[in-house]
Enquirer: 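I'd like to ask some things about the structure below.
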Amino acid sequence: MAEAAVRTAVPDDVAELARIQVSTWQTGFADLLPPDVLAGLDTAAAGEPLARVIEQGPAVVHVATEGPWVVGFCVTGPAPESESAAANDVPVPDAQTVALVGTLLVEPRWGRRGHAGRLLAAAGAAAAAAGSTRGICWVPERNKSLVGFFRRAGWAPDGVVRTLDAGGQPLREVRMTGPLTLDLR
């Protein structure tokens, strides 16, 4: 394996990150989302919010590389109070210190090489340095691989679920929560 690393994204990364997002969703989420939704994904549209976050924050985008290739990315920032609230929409006591992992994607052809773990560790360290005390993320309940990844990282479902409309098809997500300090051995 070529040298693997994680760095903070720069504006020049936007096009490649958008390509990775669309490609990964189209291949990795084919059994979760309707074909017409996946076919309608657009790299230009995916790049706009990434460019805004990279340039303006407050979230941070970390990029995983292997040798000269960008292979994945993670977007993490302060969790909106509505994302960290209890199941009854009551704010949690630590709402001001919860980080949200909004996106964690590794292109499937680069999977199972430790990139996701390195991304989550870097994102967790940055969030902790910014004052966060724990992290949350939303994961499609049927995506056993992604749920398993977060479990191996020490995260667990916290009992909160939501159902999204994915092109007329319900997509049930579980909220995972866990530590920001990860021991990757």
Side-chain angles (χ1 to χ4, degrees), residues 4-29 32-33 37-38 40-66 68-85 91-92 94-108 110-111 115-140 143 146 149-150 153 155 162 164-166 171 173 175-182:
V6 174
R7 62 174 172 76
T8 303
V10 296
D12 286 346
D13 290 321
V14 170
E16 183 62 4
L17 299 181
R19 185 201 64 77
I20 288 170
Q21 181 170 337
V22 169
S23 171
T24 300
W25 276 54
Q26 288 175 334
T27 58
F29 295 98
L32 298 174
L33 298 172
V37 169
L38 294 171
L41 295 175
D42 175 64
T43 56
E48 290 172 13
L50 287 166
R52 201 169 30 258
V53 167
I54 290 169
E55 293 172 9
Q56 301 171 8
V60 177
V61 181
H62 287 90
V63 174
T65 60
E66 187 168 319
W69 298 281
V70 172
V71 300
F73 68 99
C74 182
V75 180
T76 307
E81 195 171 274
S82 62
E83 295 286 335
S84 65
V92 292
D94 66 345
Q96 297 303 311
T97 62
V98 178
L100 173 66
V101 176
T103 303
L104 175 59
L105 295 172
V106 174
E107 198 170 7
W110 297 98
H115 297 298
R118 283 187 288 278
L119 282 167
L120 186 58
S132 293
T133 57
R134 69 180 173 100
I136 61 170
C137 67
W138 292 96
V139 179
N143 190 329
L146 193 53
F149 164 77
F150 278 102
W155 291 39
R162 68 181 180 188
L164 305 176
D165 178 1
L171 177 65
E173 293 184 319
R175 189 172 68 194
M176 308 281 292
T177 188
L180 296 173
T181 304
L182 303 174

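Heavy atoms only: backbone and side chains are in, while hydrogens, waters and symmetry mates are out.
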Enquirer: So do the side chains of Arg134 and Val92 get within less than 4.5 Å of each other, counting heavy atoms only?
Expert: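 They are in side-chain contact.
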
Enquirer: If every non-hydrogen atom of Ala46 is compared with every non-hydrogen atom of Val22, which pair is closest and at what distance?
Expert: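 In terms of heavy atoms, the two residues are closest at CB-CG2, 4.2 Å.
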
Enquirer: Yes or no on side chain to side chain contact (heavy atoms under 4.5 Å, CB included) for Leu50 and Asp13, after CA distance, side-chain angles and deciding distance?
Expert: CA-CA 9 Å; Leu50 287 166; Asp13 290 321; over 6 Å; no

Enquirer: Check whether any side-chain heavy atom of Phe73 lies under 4.5 Å from a side-chain heavy atom of Glu16, and answer yes or no.
Expert: no

Enquirer: Are any non-hydrogen side-chain atoms of Thr24 and Trp110 less than 4.5 angstrom apart?
Expert: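 No; the side chains remain at least 4.5 Å from each other.
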
Enquirer: For atom CH2 of Trp25, is the number of surrounding heavy atoms from other residues, nucleotides or ligands below 6.0 Å larger than 12?
Expert: no

Enquirer: Got His62 and Arg118 here, is their nearest side-chain heavy-atom distance under 4.5 Å?
Expert: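 They are not in side-chain contact.
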
Enquirer: Could you give me the CA-CA distance, side-chain angles and deciding distance for Glu107 and His115, then say whether side chain to side chain contact (heavy atoms under 4.5 Å, CB included) is met?
Expert: CA-CA 10 Å; Glu107 198 170 7; His115 297 298; over 6 Å; no

Enquirer: Nearest 0.5 Å, please: how far is CG in Asn143 from CG in Leu32?
Expert: 5.5 Å

Enquirer: Between CG of Leu105 and CZ of Phe29, what distance do you get to the nearest 0.5 Å?
Expert: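 Rounded to the nearest 0.5 Å, the CG-CZ separation comes to 6.0 Å.
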
Enquirer: Identify the two heavy atoms, one from Ala99 and one from Leu180, that lie closest to each other, and give their separation to 0.1 Å.
Expert: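 Nearest heavy atoms, Ala99 then Leu180: CB-CD2, 4.4 Å.
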
Enquirer: Using the side-chain contact (heavy atoms from CB on, under 4.5 Å) definition, which of the options Thr8, Val70, Val6, Ile20 pairs with Val63?
Expert: Val70

Enquirer: Taking the side chain as everything from C-beta on, heavy atoms only, tell me whether Phe149 gets closer than 4.5 Å to Leu104.
Expert: yes

Enquirer: Are side-chain heavy atoms of Leu17 and Ile54 found at a separation under 4.5 Å?
Expert: yes

Enquirer: I want to check something: taking the side chain as every heavy atom from C-beta on, are Val101 and Thr76 in contact at a cut-off of under 4.5 Å?
Expert: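 Contact flag for Val101/Thr76 side chains = yes.
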
Enquirer: Counting only N and O atoms by type, is there a donor-acceptor contact under 3.5 Å from the side chain of Arg175 to the main-chain atoms of Glu83?
Expert: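 Answer holds: yes.
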
Enquirer: Quick one: closest heavy-atom pair of Ala166 and Leu171, and the distance?
Expert: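 Smallest heavy-atom distance, with atoms named: CB-CB, 4.1 Å.
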
Enquirer: Parallel, tilted or perpendicular: which one describes the rings of Trp155 and Phe150, with boundaries at 30° and 60°?
Expert: tilted

Enquirer: Please give me the minimum heavy-atom distance between Leu119 and Ala64, naming the atom from each residue.
Expert: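 That closest heavy-atom pairing would be CD2-N, 3.6 Å.
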
Enquirer: Identify the heavy atoms of Val14 and Gly47 that sit nearest to each other, and give their distance.
Expert: CG1-O, 3.4 Å

Enquirer: For Thr27 and Pro108, work out which heavy atoms get closest and say how close.
Expert: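 The pair with the smallest heavy-atom distance is OG1-CG, 3.3 Å.
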
Enquirer: Calculate, to the nearest 0.5 Å, the distance between atoms CG and CD belonging to Leu146 and Glu173 respectively.
Expert: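 Going from CG on Leu146 over to CD on Glu173, the span is 10.0 Å.
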
